[in-house]
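Quick note: numbers below take in every heavy atom, side chains included, and nothing from hydrogens, waters or symmetry partners. Predicted, not measured: the structure shown is a model, and the values here were computed from it. Both counts, for ligands and for their atoms, begin at 1 and track the order of listing.
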Amino acid sequence: MPLNGKHQKTKYIFVTGGVTSSLGKGIIASSLAKLLQSRGLSVTIQKLDPYLNVDPGTLNPYEHGECYVTDDGAETDLDLGHYERFLNVPTSQANNVTTGRIYYNVLSKERKGDFLGKTVQVIPHITDEIKRNILQLGKSGKFDIVITEIGGCVGDIESLPFLEAVRQLKWELGEKNMLTVHLTLVPYLKSAGELKTKPTQHSVKQLQMSGIQPDIIVCRTEHPLPGDIRKKIALFCNVEVQSVIEAMDAKTIYEVPLLMKKEKLDQRALYMMDIYNDKDSDMKKWEEFLYKFKHPESEVRIGLIGKYVELRDAYKSIAEAFIHGGAVNKTKVKIEWIHSESMVAEAVEEKLKDLDGVLVAPGFGERGIEGKIAAVKYVRENNIPFLGICLGMQMAVIEYARNVLGWENAHSTEMEKTTEYPVIDLMADQQNIENKGGTMRLGAYNCKLSEKSLAKKIYGKSKISERHRHRWEFNNKYRTDFEKAGLFIGGTNPENDLVEIIEIPKNRFFIGVQYHPELKSTVLQPHPLFVSFVKASLDYKNSKK
Ligand code: GLN
């Protein structure tokens, strides 16, 4: 019986973490969500991030990995990418809330005088705003279950207000309407030959000190958890032994939902929230994907040229889209991470000549630009399958202008304001923008594909919608010059005629897109551009034999 007597339709699950960061809360949250979804429930996942940036849009990818963009144009944490790839349901701004946004909202209200002279405090004002943001997703009426992942580790000063909000919610929502899943680490001490539970015990104590008793404890471990270890964790952490879930290290994140199914994480969660659901989870399609991914019949080597390659998370969605596109083709995609700054003189040929495909990645600013242009020149001239994404597409345009049209000084005004040929230029509505945060061209826009385009063949339709994150554009002033010189415009925005896709029809596969196809690739809906790019790379590889 809910403690406050009110029955809530939507139930809430909170995922917290302790012992160390990087244990994979996002993947555990996504896996639980997937299993619940596969039982016919509608589920969404939200991430609360403890930092003070209003969103991660202004963060350097070295700091926080890729910035994931939603249909509604929110710049969000990369975990939202996992949520979408697992659930195959779009997320939105409401799915990612930072401490910065919470404070921003509260302080804006304070400036307006909305608090009527009251002292504005962390409790209740900040915690109220946190609760409002959590409950908002449930209020939409679209979800049976909202899973909220709380960033950081228990014990961090930064995440205290989030935990306090969760503690308060237990009383407001009622016991059976919410659940806390705590993820910890059970390390294996080689010298002692033992799994150790103490870090988990301490982590749970820390959570209890915030007034939260975890309902389920998920233990990351390199070795299976024997019964006595499970019992020990249950005893010391105040839960039933069925609530101790083993999360063994997996070869791929896509295996985790099945591991969690074996451990009955979903059943336990449903039981503890009094949700009666006798449907067995239907993970057939997921298993089919996993089988193809784990048993490839071929391999292709695709170069990914970017300036953040030291940190793979900076290109998370691209790497995952290759996994999805590879599985469809029963092909393992081996990504060769190539630093754009290393693309100088003879290195270009040496690094690219044996590749089966090349992707030039999105990015911002001057660094590594000439390397990207040199790479495009090489793949264009040698007819190697090419996919350019956002900045990658812009570099392909500049390369074409310089080396085919003969406009030596052609450039983007992002890198060279006074270039003689601004073939990539700032959009009119971007000219006077001063604030950097949230002001790019963001989110989903329509694109009409040209009748004869390769893109239309690939998508199998002529109207698509894709996500964007950029300020600069193909400069339509030069469009006819490009077209006369053999560059084909594969797609444009139907409202404002902005160029979305460029192609070189005489090459076997040469496509540049102003948008980010990688953001919409999921396990159940691999993105057609990635599927066909992998296929083209495979065909090219086979043709070389
Ligand atoms: N820097 C380029 C622009 O803003 C490309 C952005 C990107 O690759 N996401 O237009």
Considering only the protein, which heavy-atom contact is closest to atom 3 (C) of ligand 1, and what is its distance?
Arg471 N, 3.5 Å
Evaluate side chain to side chain contact (heavy atoms under 4.5 Å, CB included) for Val358 paired with Ile302, printing each intermediate quantity in order.
CA-CA 5 Å; Val358 168; Ile302 294 183; 5.9 Å; no
Regarding Gln514 and Glu466, is there a side-chain donor-to-acceptor distance under 3.5 Å anywhere?
no
Any carboxylate oxygen within less than 4.0 angstrom of a Lys/Arg side-chain nitrogen, looking at Glu381 and Lys377?
yes
Regarding ligand 1, does Pro362 bring an N or O atom to under 3.5 Å of one of the ligand's N or O atoms?
no
Which option wins on minimum heavy-atom distance to atom 6 (C) of ligand 1: Gly363, Ala361, Gly388, Ser412?
Gly363
Closest to atom 7 (C) of ligand 1 among protein heavy atoms sits Cys390 SG, 3.0 Å
Specify side chain, backbone, both or neither for Arg469, according to which of its non-hydrogen atoms lie closer than 4.0 Å to ligand 1.
backbone
Proximal atoms of ligand 1 relative to Phe364 (non-hydrogen, under 4.0 Å)
1 (N), 4 (O), 6 (C), 7 (C), 9 (N)
Under 6.0 Å between ring centres: does that hold for His324 and Tyr254?
yes
Distance-only donor-acceptor check, side chains Arg441 and His470, under 3.5 Å
yes
Which of the numbered atoms in ligand 1 are under 4.0 angstrom from any heavy atom belonging to His470?
3 (C), 4 (O), 6 (C), 10 (O)
Of all the atoms in ligand 1, which lie at a distance below 4.0 Å from a heavy atom belonging to Glu414?
1 (N), 2 (C), 3 (C)
Looking at Glu336 and Lys351, is there a salt bridge between them, counting it only when a charged N and a carboxylate O are closer than 4.0 Å?
no
How does His516 reach ligand 1, if at all, at less than 4.0 Å between non-hydrogen atoms: by side chain, backbone, both, or neither?
side chain
Does Asp354 pair with Arg301 as a salt bridge, N-O distance under 4.0 Å?
no
Looking at Lys372 and Glu399, does any basic side-chain N land under 4.0 Å from a carboxylate oxygen?
no
Ranked by distance from atom 10 (O) of ligand 1, the top protein heavy atom is Trp472 N, 2.8 Å
Checking heavy atoms under 4.0 Å, the part of Met440 that sits near ligand 1 is neither
Could a heavy atom of Arg441 be found less than 4.0 Å from some atom of ligand 1?
no
